[in-house]
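The structure appears below as structure tokens.
The analysis underlying the following values was restricted to heavy atoms, covering all of them including side chains, and did not include hydrogens, waters or symmetry mates.
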Amino acid sequence: MIRRGRQDRRGAILSDVVIAVFILSVGLLAVVGLFIQVAQAGKTLARQEQAACLAQEAMEQWRNLAAEDSSAESLATLAGSEQISKDGLIFERVTAYALRTDLDSRGHLAEMTVRVDWSEGGRQQSFALVSYFVVDTSLENLR
């Protein structure tokens, strides 16, 4: 009987070890999955930051041009589309210009939109900046 009790204990210890290893492996898999998600989120955030920088760059070009010549014709010259390759990814930057007569019936307000599109993980991503400029510098015409 004493022998049989020892064998039962050995079987119990073995099953306890197997259960503990199983629980530990499930926990480790959960942690590894979390690390993978964090890495993917960091990569997505880096792409969004690149897109924001590209949009800001185009907006700064418009602001610099507006400081020199704020005519509607001058500002409209920067509108268009271009592809930019950064870190092995292709971004498409689309700049648009429109007079906002719905907001200002005299046509002094222009809306500039810069949208940056890219594809990541099979999904289309987009980032946009919108800014408004006064296109007539004659303050007497603005009321």
Next on the checklist: Is there a continuous path of hydrophobic side-chain contacts, each under 4.5 Å between heavy atoms, that joins V116 to I90?
Outcome noted: no

Item to check | T95 side chain reached by M59 side chain, heavy atoms, under 4.5 Å | outcome: no

Next on the checklist: Membership question, hydrophobic clusters at under 4.5 Å side-chain separation (ILVMFWY): are W118 and I84 in the same one?
Outcome noted: yes

Item to check | V26-L34 co-clustered via ILVMFWY side chain contacts under 4.5 Å | outcome: no

Next on the checklist: Do E120 and K43 have side chains that approach each other closer than 4.5 Å (heavy atoms only, starting at C-beta)?
Outcome noted: yes

Item to check | Criterion salt bridge (charged side-chain N to carboxylate O under 4.0 Å, His left out) on E57 and R93, from CA distance to verdict | outcome: CA-CA 10 Å; E57 178 183 291; R93 181 167 59 190; 3.3 Å; yes

Next on the checklist: With heavy-atom distances below 4.5 Å as the criterion, would you say the side chains of Q50 and F91 are in contact?
Outcome noted: yes

Item to check | Any Q125 side-chain heavy atom under 4.5 Å of S119 side chain | outcome: no

Checklist entry - Does some side-chain heavy atom of S131 sit less than 4.5 Å from a side-chain heavy atom of R63? => result yes

Checklist entry - With a 4.5 Å heavy-atom cut-off, do T113 and Y97 have their side chains touching? => result no

Checklist entry - Within a strict 4.5 Å, meaning less than it, do heavy atoms of the M112 and V114 side chains meet? => result no

Checklist entry - Out of curiosity, R115 CZ to S81 OG, how far, rounded to the nearest 0.5 Å? => result 8.0 Å

Checklist entry - Can you name the closest pair of heavy atoms from A96 and A79 and give their distance? => result CA-CB, 4.4 Å

Checklist entry - Do L54 and K86 have side-chain heavy atoms sitting under 4.5 Å apart? => result yes

Next on the checklist: Walk me through whether E49 and L45 qualify under side chain to side chain contact (heavy atoms under 4.5 Å, CB included).
Outcome noted: CA-CA 6 Å; E49 182 181 6; L45 185 60; 5.8 Å; no

Next on the checklist: Do V94 and V130 sit in one hydrophobic cluster, given that two such residues count as connected whenever their side-chain heavy atoms are within less than 4.5 Å of each other, even indirectly?
Outcome noted: no

